[in-house]
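Below is one structure, written out as C-alpha cells; the observations come after it.
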Amino acid sequence: MGKLTFKKEEKLSGEKSIQELFTKGSSFYLSPFKVITLYSNSSVNRVLISVPARTFKKAVDRNKIKRRIREAYRINKEKLTSNKKLLIAYIYTAKVILPSTVIHEKLILTLAQINKGNEEN
RNA sequence: AAUGCAAGCCGUCUUAUCGUCCUGACGGUAACGUCAGGAAGGAAAGUCCGGGCAACAAAGAGUGCCGUACUUCCUAACAGGAAGGUCCUGACUGUAAAAGUCAGGAACAGACAGUGCCACAGAAAAUAAACUACCCCGCUGCGCUAGUCGCAGAGAGGAAAAGGUGAAAAGGUGAGGUAAGAGCUCACCGGGUUGAAAGUGAUUUCAGGCGCAUGGUAAACCUUACGGGUUGAAAGGCCAAAUAGGUCAUAUCCACGAAAGUGAUCAGCUACUCGCUGAUAGUUUACUGAUAUGAUUGGGUAGGCUGAUGGAUGCUGACGGCAACGUCAGUACUAGAUAAAUGAUAAGACUGGUUGUAAAGCAGCCAGACAGAACCCGGCUUAUAGGCUUGCAUUAUUU
C-alpha cells in the first residue's frame, strides 16, 4: 500500500452497479456529504462522487468541488480498514463551495464512520 | 501625457510534493512499472440560425404549415458578411433657396385583390362631414339718414378657406378668382404616371403630359415572390460474456420389443415454446423420452469497439477583386474524456487596488475576471478583472 493513486478502476461507473448502489445501499448524512455504501465482490473499493446541478448550475463550480473531494479521498483512502470491498457514493449536499481543508476533515470523519459500520457487521 | 469612443490582440507565470487521461518505446504471462511526448476557450456558454455526416422516407402536382423579404455580390450554406441604393435622425460646411460631407438608425415587398380595426377627444375617423365663425337668398320685426341701408330673429341653401379636437382632418406655399370659397385657374414644391438616357440591379437624371377626393394599420388576417422531407451522435455500424434456446456427438437412466434393435422424418394448428392432430418410416399392435458432459450455432442483454477528431483548419507571401472573398505556393498544427481526465496543496514572482510615510522607494493587507471540450465546422447573441496596439475626438504642457 502507500500508493496514493486514483485510477479508472476505482471510479464507479456503469448504470447497473450505480442503480444497485442507490436502491440497496445503506446511507448516512455527515455534513456536507450524504454517503451511500454497499458491499461488492470487486477487487477494489469503487467510488462515485456527485454534485447536484440543481444547487451548482455552473459546470466550473461542480468540477471544482468534485476535484477537491476526489483529492481528499485519494489522500485518505488507506484509512479504510475493511476487508470486504465497498461501493461508495459521495453526494455533496452543502449549498456553498467549501475550502479544501474543511472537505478533507469531514471526509476523514466519513471514513471513520464507514469503518465503524464494518466492525458492527 | 490624460480621458472618452471604435477596431484588433492578450487574458497570469515559476518551483516543489502528490496525482488523472491519451500516444509511443522498453521490461513483464499479466497486473503493472520506467522513460519520452501531448492534454480546454475567446467565448469551450446560450443552443438562436446555417451546413457537413448518418438513418429513415419519397412518382409528380396542388393545398396547408413554417421561414425569409430594398439591390447586387460573397459563401458549402445562412436570418451571417461585403459593397451599394432609398427614407429618417443628428452634427458640420454652405446658400437667396438648394446642395454636399460625416455619424447613427430602419420588420426597407404589397393598403386602387379582398376582409377587419382606428380608443379618448372631436361636428365629422372614411362611397366624407357643417359645431362656432363666414357668404348669398327671400320672409318677419325694429331703427332713421328712407336706401341696391343697418340690426335682430327663425327658414332655405353655399362653402373644407378660419377656429377648436386628435397620433392622423382628405396635397403644401403664394397669386388670381369668387357672394364667400374651393386644383376652380396659374407658378413653384410634393405626388403618381409615360418616355428617353445611365446603371448587372435597387435606383438616379432629364423631358412630356396628369389637377391629382378616396387616410393609417400587413409586429391584423391576408396577397405576391423565393426557400424548406423527417429525425439527430442517446444517429448509425460492428463485436459479444452470463443465462435461456437450436443442432450434433458421447455416456447413463428410462420406455417398447422374444431378440436384433428402436426412441425418427414431414405437414397442419399457434407469434413462439409446450401441446394436439394427421401422414410416412423403423419386419411391428407398442414406443418415438429424460439427464449430464463436450462441440457448434442463430438472435442478442450486460459490456466493449467504431462513429470520433486532418479540417469549407490556421499563418505567411504572390495574384485577382472597392470589399466580403477567391486562386496558387510555402509552412504549421494536431485534447479526445465517457457517472465524464486536463488537478490538489504549499511557497514565490508578476499585475492592479488600498493603507502608512513629505515623496521615490519600502512595508502591510486585499484582489487576479467570465467561464470547462462532449460528432465536427461557419456565423450570431450574451458574460468578461486587468493589460497591450492602432485610429479618431477633447483637454493640458513643451518646442
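This is a predicted model, so every value here is computed, not measured.
Look at NZ on Lys58(A): it is 12 Å from P on G46(B), rounded to the nearest Å. The separation between Asn63(A) atom CG and C21(B) atom C1' is 14 Å, rounded to whole Å. The distance from atom CG of Asn76(A) to atom C1' of G19(B) is 14 Å, rounded to the nearest whole Å.
Across all strands shown, A58(B) forms no Watson-Crick or G-U wobble pair with both distances under 3.5 Å. Pairing for U89(B) is with A103(B), a Watson-Crick or G-U wobble pair whose two hydrogen-bonding atom distances lie under 3.5 Å. Within the shown strands, nothing qualifies as a pairing partner of G164(B) under the Watson-Crick or G-U definition with both distances less than 3.5 Å. Pair assignment for A260(B) gives none, since no Watson-Crick or G-U wobble pairing has each distance under 3.5 Å.
By the side chain to side chain contact (heavy atoms under 4.5 Å, CB included) test, Arg70(A) pairs with Phe6(A), Ile49(A), Arg67(A), sequence neighbours left out. A search for side chain to side chain contact (heavy atoms under 4.5 Å, CB included) contacts involving Pro52(A) returns Thr55(A), not counting sequence neighbours. Residues that satisfy the side chain to side chain contact (heavy atoms under 4.5 Å, CB included) test with Thr101(A), not counting sequence neighbours, are Pro99(A).
The residue among Leu48(A) and Ala59(A) whose nearest nucleotide of RNA chain B is located toward the 5' end is Leu48(A). Nearest-nucleotide mapping onto RNA chain B: of Lys66(A) and Asp61(A), the residue sitting toward the 5' end is Lys66(A).
To the nearest whole angstrom, the two C1' atoms, one in G310(B) and one in C377(B), are 13 Å apart. A gap of 13 Å separates the P atoms of A344(B) and A369(B), to the nearest Å.
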For residues 87-96 of chain A, run the donor-acceptor check on the side chains, cut-off 3.5 Å, and write out each pair with its distance to 0.1 Å, sequence neighbours left out.
residue, atom, partner, partner atom, Å
Tyr90(A), OH, Thr110(A), OG1, 3.1
Tyr92(A), OH, Val96(A), O, 2.8
Tyr92(A), OH, Leu98(A), N, 3.2
Thr93(A), OG1, Pro32(A), O, 2.9

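In this structure, the separation between CG on Asn76(A) and CD on Glu105(A) is 11.0 Å, given to the nearest 0.5 Å.
Comment: Glu71(A) does not engage Arg68(A) in a salt bridge, judged by the lack of any side-chain N to carboxylate O separation of less than 4.0 angstrom.
G105(B) shows a glycosidic angle more than 90° from 0 and is accordingly assigned anti.
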Find every protein N or O atom lying less than 3.5 Å from an N or O atom of nucleotides 343-347 of chain B, and list the pairs.
residue, atom, partner, partner atom, Å
G343(B), N2, Glu71(A), OE1, 3.3
A344(B), O3', Ser100(A), OG, 3.3
U345(B), OP1, Ser100(A), OG, 2.5

